[in-house]
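Nothing here was measured: the structure is a model prediction, and the numbers come from that model.
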Amino acid sequence: MASLQTLSKSFPGWVFFCCCCCLPLLLTSSLPLKGASAAHHTCRLRKINFQQPYIRNRTYTLAKTVHASDKDTDNRLIGQQLFVNIKENNRCYLMKRVVEFVVKDVLLTEVKNQYPYVEEVAQFLASLTSELSSCQFSGKREHIEKNLEQMKNKMEQLGENGKTKAIGELDLLFDCMENACTDVPKKGGNKKKN
């Protein structure tokens, strides 16, 4: 008690007390961050991620370069068919899963040595999915899994051209990810886009 009275009489003593006792308690408290309580906040990316001209240019250039060698004009892997029966608040989660698949099973395979900018684009996309690591779906998962599986199956059916098509559609993937993960989902009664 006597030491507290002595401490209270001196300003440097209070500074020491606050730095050694109070600050660590505040830094380690488990109070939720502002806005972290709502699940949909974890499925949001900052718009600035997509407004970097350098990476947008690299992604679009890679897609355009590879798209020129894609002879299949009848099929599409990335597009509105991915969002059939998917609620708007689950679209970002779905895109996170699609991007994870494309990075792991397409970009980081043997193709990374065949085309320019593949590794840069893969790193950028992986950083987005990392930011979305706590993004979870809400409600039922079966439509998400079904649509993802249909995309994977279509790519597999296309054989060698499947990876080419996926890389040639990176611009679409970039845009879909931006739209799904930066726009605020509409509330209940609004009509969804297909």
* For Ser69 and Thr164, which heavy atoms make the closest approach, and how far apart are they? -> OG-CG2, 3.8 Å
* Asked: For the side chain of Asn179 and the backbone of Asp175, is there at least one donor-acceptor N/O pair under 3.5 Å apart?
  -> yes
* To do: Locate the shortest heavy-atom distance separating Met177 from Leu45; write the atom from each residue and the value.
  => CE-CD1, 4.1 Å
* To do: Take atom CD of Glu156 as the centre, draw a 6.0 Å sphere, and report whether it contains more than 12 heavy atoms from other residues, nucleotides or ligands.
  => no
* To do: Spell out, with a plain yes or no, whether Cys135 and Cys92 have SG atoms under 2.5 Å apart.
  => no
* Measure across Cys181 and Leu132 and return the closest heavy-atom pair with its distance rounded to 0.1 Å. => SG-CD1, 4.0 Å
* Could you grab the distance from atom CG of Leu158 to atom NZ of Lys163, nearest 0.5 Å is fine? => 13.0 Å
* Step-by-step side-chain contact (heavy atoms from CB on, under 4.5 Å) determination, Tyr93 to Ser138 -> CA-CA 9 Å; Tyr93 174 78; Ser138 64; over 6 Å; no
* To do: Dump the intermediate steps for side-chain contact (heavy atoms from CB on, under 4.5 Å) on Met155 and Phe101, then the final yes or no.
  => CA-CA 11 Å; Met155 194 175 110; Phe101 170 75; 3.9 Å; yes
* Should Lys146 and Glu149 count as side-chain neighbours, where that means a heavy-atom distance under 4.5 Å? -> no
* Close side-chain approach of Asn49 to Glu131, heavy-atom, < 4.5 Å -> yes
* To do: Could you tell me which non-hydrogen atom of Phe137 sits nearest to which non-hydrogen atom of Arg141, and how far apart they are?
  => CE2-NH1, 3.4 Å
* **Leu173: which of Thr59, Leu125, Val121 passes side-chain contact (heavy atoms from CB on, under 4.5 Å)** => Leu125
* To do: First locate atom OG1 of Thr65, then atom OH of Tyr115, and finally report the distance between them rounded to the nearest 0.5 Å.
  => 9.5 Å
* Verdict with supporting geometry, Leu170 and Val102, side-chain contact (heavy atoms from CB on, under 4.5 Å) -> CA-CA 9 Å; Leu170 282 172; Val102 169; 4.1 Å; yes
* Structure fact -> Those residues at least two apart in sequence (or on a different chain) that pass ring-ring contact (aromatic ring centres under 6.0 Å, His included) with Tyr60 are Phe174
* Structure fact -> Here the gap from Ile55 atom CD1 to Leu62 atom CG, rounded to the nearest 0.5 Å, amounts to 9.5 Å
* Under the side-chain contact (heavy atoms from CB on, under 4.5 Å) rule, what do Thr129 and Val103 come out as? Steps first, then yes or no, please. => CA-CA 10 Å; Thr129 60; Val103 168; 5.9 Å; no
* **Spacing of CG belonging to Asn75 relative to CD belonging to Gln81, to within rounding of 0.5 Å** => 9.5 Å
* To do: Identify which one of Lys47, Arg46, Arg44 satisfies the salt bridge (charged side-chain N to carboxylate O under 4.0 Å, His left out) criterion when paired with Glu178.
  => Lys47
* Starting at CG of Asn113, measure out to CD of Glu119 and round the result to the nearest 0.5 Å. => 7.0 Å
* Glu169 (side chain) donor-acceptor with Leu77 (main chain) under 3.5 angstrom -> yes
* Do you know the tightest heavy-atom contact between Phe50 and Arg56? -> O-NH2, 2.8 Å
* For the residue pair Ile78 and Cys176, establish whether any side-chain heavy-atom pair is separated by less than 4.5 Å. => yes
* Donor-acceptor contact present, side-chain Ser133 to main-chain Ser130, <3.5 Å -> yes
* To do: Keeping to residues at least two apart or across chains, list the salt bridge (Lys or Arg N to Asp or Glu O under 4.0 Å) pairs with something in residues 59-84.
  => Asp70-Lys165
* Looking only at non-hydrogen atoms, find the nearest pair between Val98 and Met151 and report the distance. => CG1-SD, 3.8 Å
* Euclidean distance, Leu82 CG relative to Arg97 CZ, rounded to 0.5 Å -> 12.0 Å
